[in-house]
Amino acid sequence: MNRKYDFKNIEKKWQDIWDKENLFCAKNEYDKPKYYALVEFPYPSGQGLHVGHPRSYTALDIIARKRRMQGYNVLYPMGWDAFGLPTENYAIKNKIHPKIVTEKNIARFKSQLKSLGLSFDWSREIDTTNPDYYKWTQWIFLKLFENGLAYKSRAFVNWCTSCKCVLANEEVIDGKCERCSSEVIKKEKSQWMLKITKYAQRLIDDLETVDYPEKVKTQQINWIGRSSGAEIDFETNLGENIKVFTTRPDTVFGVTYIVLSPEHELLEKWSKNIENFEEIKKYQENAKKKTDLERSELSKEKTGVKLQGVYALNPVNGEKIPIFVADYVLVSYGTGAIMAVPAHDKRDKEFAEKYNLNVLKVIDEGGKVINSEFLNGLSTEKAKKAAINWLVKNEKGKEKINYKLRDWVFSRQRYWGEPIPIVKCEKCGYVPLKESDLPLTLPNMEKFETSNSGESPLVNAKEWLNTTCPKCGGKAQRETDTMPQWAGSSWYFLRYLDPKNDKNLASNEAMKYWMPVDIYNGGMEHTTLHLLYSRFWYKFLYDIGVVPQSEPYKKRISHGLVLGENGEKMSKSRGNVVNPDDIIAEYGADTMRLYEMFIGDYEQPAPWSTKGIKGCKRFLERFWGLQEIISEPNEKNKGLESIIHKTIKKVDKDIEILKFNTAIAALMALINEVYNAGSITREQLGVFSLLLSPFAPHIAEEVWQNCYLGEGFASVSQWPKYDEEKCKDSQIKMALQVNGKFRGTINCEVGLSEDEVFEKAKNECHTFNNFIAGKEIVKVIYVPNRLLNVVVK
RNA sequence: GCCGGUGUGGCGGAAUGGCAGACGCGACGGACUCAAAAUCCGUUGUUGGCAACAACGUGUGGGUUCAAGUCCCACCACCGGUACCA
């Protein structure tokens, strides 16, 4: 037997054997109980794996391995979300085709992941940039188009000045680009859009049916931003009505002016009638020039211009109301126009004070409506309803629910993405490709730069660009924009079920058996991006009968970030990046895995500590050393039975509730006990190996085999069971308190009565006795097998 | 501003309302060694005491309770999300 713990050879050996035996391949045996564990598949960046990746991959690996040991048919797959900007930018800079860059990065990632001993089913590996894969991404787009959920629209969109590319709302962080942090401006462009807003209500409602962390649910609900109120028509002297959205229809008598956003369409329409249109136009142009960031930074000081020669009428009392244009009103929310009630709205008040406008109070201190004719005396809630009823009856408005969620801007002016399978025909307009023409593959090109005018590089692929219309056969051009980064990941979990299927995105049987995903791990940063998008697509696929349920993920969990040694976020610029390769080379994969799980509460952020790893290595070396102290059953190691059963119970439960750190602590405590006892039986070491196997699978497998502890592989053997009776102690330590203060302990048999314990305490614990001696006993609290508290005066 | 989260030794972190600090790191002392590393044994919340022991101790201030890190009220600090959303 090899005496030294030679992790390098052990780890390589077992990785090869597992691979050869296909030990972790999910089986297409649809009568077994199934378990689908999913981690967000990585973007194969040029930097390689980050120590943050293994934290979540190992966590789900532990769960997947435990489920296999429990007899489930487990699917734990991995793939590559490989379309995207960093690869394309690298390709441009180094004049290499992004396809080659992607292949290289995937190869590196894959070998890094393999070196960690993760039990992925590599036979189901997918790559979103593979035409066999993106054929189905395009197919879903065609279905969306067919059902009116994909449409082309000219609108103000977010434009990243550095990526030269449009961004979805979800990709704008603090007015800056999510990827490159450059400034984002509003640009009017014709773009493909997906009607996610149609699903807004269902995306909120169905959160009740899934097991997600509360903060994830709240963040999605806030992002979708439902608010209920009324849409009210204000007539104007020019004939056209101004529609406004308000959540406070009860304050309609307090409206003293109307505000239109600078981009509001009526301004253009009224250009001839507005006496000061030149001034308005100047204001509009100024607003357009501001970046999102500037517009919100300037939020303290409100600006605006009054429209001369136009006024509106209050629908409830016919009063004349002035109209302003001001950029504190956003074109993208509600109707792009508001009724201003300065008495009861902070922003309206600021504006009214600056421009000296009328302020009319319509709610008194007690919350009752005043100065409002038929609404007077009502509470806010009742007045809202009454106002809406009146508006509906008089055809001046209606009840209205509004959402902050915008439709998803779905086209990007870049090369490295899925081509949108649409052609523009001179006669027929936008025409979808036939399904049989999919996949529409990317043309091979040498230059991938976006033009300064903001057109996709694909406009230069002339042969690819010019085509014929699938409908009329006439001249047509292909859509040159590609799909965003998030397209391929919006449905990838379905492709794992049946990755080689060329008839469907996956077979019905496979989807029925495997879906929904039982546990899905991913970062909080995807809550309002990938997680929301994929729920939307899944609901759509459900509606057209493709998938079996309307929610893809039964349970969602989120890992905490692994921070740098200094407690800051790991980044190149901070110089605190830890490379997993170095750790594995120095300490081994098992130690790395163990440390990543031991570092702290799984869902909380935790700083990396190179010193901390040593403790995990020591533990594994001590585990390795157990082989030296195997013995026949004797008095001492028989005494280990209770702690072994307790440890099984603890580890079993802790894995279920994601407390990997305390599960490992329990294993460490067990090893301390074993060394105190001085020996361990073969059978006991077998149980220990199985318990350790999900966390540190290579060493567990090696010890299992070395010592002939059982049949087959430790990785897929039976998960140990505990005996509840054996978890119980016969002797317990009873805590003693006087007036709630701890005064000592005594050893007791289990199940003693209060009086017995009290007597024993007085006899055996001097401290306790001293504190009650000569005092009057007011009350005794006895918690069986736990504590005795005596209240004295 | 609003919505989440967090706050415990020198450090990472444990604690169904019931012995605060499990487990690990570090530190200190000892063994082994020519020596160092590794390993093993012991000590390690603070203060006082030779000691038994005592007092204090979970961000701050109050409260409930026989008993509070844990429950309630008010606040402070840090982290994350979001924001002229009408």
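Just so we're on the same page: letters track the sequence lines, and every chain starts at 1.
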So which pairs with a foot in residues 585-606 of chain A pass side chain to side chain donor-acceptor pair (under 3.5 Å), sequence neighbours left out?
Asp61(A)-Arg593(A), Asn521(A)-Tyr602(A), Asp590(A)-His698(A), Asp601(A)-Lys659(A)

What is the ring orientation for His526(A) with Trp486(A), classed by angle as parallel under 30°, tilted 30 to 60°, or perpendicular over 60°?
perpendicular

Nearest to the Asn222(A) side chain among A54(B), C3(B), G12(B), which nucleotide is it?
C3(B)

To the nearest Å, give me how far apart CG (Leu561(A)) and P (C78(B)) are.
20 Å

Ser227(A) near the nucleic acid: base, sugar-phosphate alone, or nothing, with a heavy-atom cut-off under 4.0 Å?
sugar-phosphate

Measuring only the C1' atom in each nucleotide, how far is G10(B) from G21(B)? A whole number of Å is fine.
13 Å

Please state how far atom NZ in Lys217(A) lies from atom C1' in U82(B), giving the value in whole angstrom units.
20 Å

Could you tell me if the side chain of Ile258(A) sits less than 4.5 Å from the side chain of Phe324(A), heavy atoms only?
no

Are there over 12 heavy-atom neighbours, none belonging to Gln201(A), within less than 6.0 Å of that residue's CD?
yes

Integer angstrom distance from the C1' of C19(B) to that of A68(B)
14 Å

May I ask you to establish whether Lys760(A) and Phe758(A) are in a cation-pi arrangement, using a distance under 6.0 Å from NZ or CZ to the six-membered ring centre and at most 45° from the ring axis?
no

Report, as yes or no, whether the 6.0 Å neighbourhood of atom CD on Gln731(A) holds more than 12 heavy atoms from other residues, nucleotides or ligands.
yes

Can you check the distance between G61(B) and G49(B), where both ends of the measurement are the P atom (answer in whole Å)?
27 Å

Lys349(A) atom NZ, neighbour heavy-atom count above 12 within 6.0 Å
no

Determine, for nucleotides 17-26 of chain B in 5'-to-3' order, which nucleotides have protein heavy atoms under 4.0 Å from the base (write B), from only the sugar-phosphate (write S), or from neither (write -).
-BB--BBSSS

Would you kindly check if the NZ (Lys) or CZ (Arg) of Arg743(A) is within the cone defined by 45 degrees around the ring axis of Phe768(A) and under 6.0 Å from the six-membered ring centre?
no

Determine whether any donor atom in the side chain of Lys302(A) lies under 3.5 Å from an acceptor atom in the base of C84(B), or the reverse, and answer yes or no.
yes

Determine the interatomic distance between C1' on A83(B) and the same-named atom on A77(B); round to the nearest Å.
23 Å

What is the distance, rounded to the nearest whole Å, between atom CD of Glu603(A) and atom C1' of G80(B)?
15 Å

Can you identify which nucleotide, out of A86(B), A54(B), G12(B), has its nearest atom closest to the Thr767(A) side chain?
A54(B)

Expected output: side-chain Asn314(A) to main-chain Val252(A) donor-acceptor under 3.5 Å:
yes

Kindly assign one of parallel, tilted or perpendicular to the pair Phe695(A) and Phe660(A), based on the angle between their ring planes and the thresholds 30° and 60°.
perpendicular

Just to confirm, is there a sub-4.0 Å distance from OP1 or OP2 of G5(B) to any side-chain nitrogen or oxygen of Lys215(A)?
no

To the nearest Å, give me how far apart NZ (Lys4(A)) and C1' (A38(B)) are.
12 Å

Rounded distance in Å - CZ (Arg55(A)) to P (G13(B)):
9 Å

Picking from A54(B), A86(B), C84(B), the nucleotide nearest the side-chain atoms of Ile338(A) would be A86(B)

Out of C84(B), C53(B), G13(B), which has the shortest distance to the side chain of Asp327(A)?
C84(B)

Of Asp348(A) and Trp223(A), the one whose closest nucleotide on RNA chain B sits nearer the 5' end is Trp223(A)

Interatomic distance where CG belongs to Leu563(A) and C1' belongs to G80(B) [whole Å]:
12 Å

Take atom CG of Asn769(A) and atom P of C53(B), then tell me their distance rounded to the nearest Å.
14 Å

Considering only atom P, compute the distance from G30(B) to G48(B) and round it to an integer number of Å.
23 Å

Of the listed nucleotides A86(B), G4(B), A55(B), the one nearest the side chain of Val329(A)
A86(B)

Anti versus syn assignment for G10(B), with syn defined as within 90° of 0
anti

Look at all strands and tell whether Phe771(A) reaches a base, only sugar-phosphate, or nothing, counting heavy atoms closer than 4.0 Å.
sugar-phosphate

Pairwise C1' distance for U65(B) and U46(B), with rounding to whole Å:
28 Å

First encountered from the 5' end of RNA chain B, between Val791(A) and Tyr602(A)
Tyr602(A)

Can you tell me how far P in G59(B) sits from the matching atom in A14(B), rounded to whole Å?
15 Å

If you measure from the P atom in G81(B) to the same atom in G63(B), how many Å do you get, rounded?
39 Å

Using atom CZ of Phe324(A) as one end and atom C1' of A86(B) as the other, report the distance to the nearest whole Å.
17 Å

Is the closest side-chain donor-acceptor distance between Ser227(A) and Asn402(A) under 3.5 Å?
no

Just wondering, do Val325(A) and Leu267(A) contact through their side chains at under 4.5 Å, heavy atoms?
yes

For RNA chain B, consecutive-pair runs of 3 or more (Watson-Crick or G-U wobble, both H-bond-type distances under 3.5 Å) give B:1-7 with B:76-82, B:10-12 with B:23-25, B:26-31 with B:39-44, B:45-48 with B:53-56, B:59-63 with B:71-75

Taking OP1 and OP2 of G81(B), is either one under 4.0 Å from a side-chain nitrogen or oxygen of Thr528(A)?
no

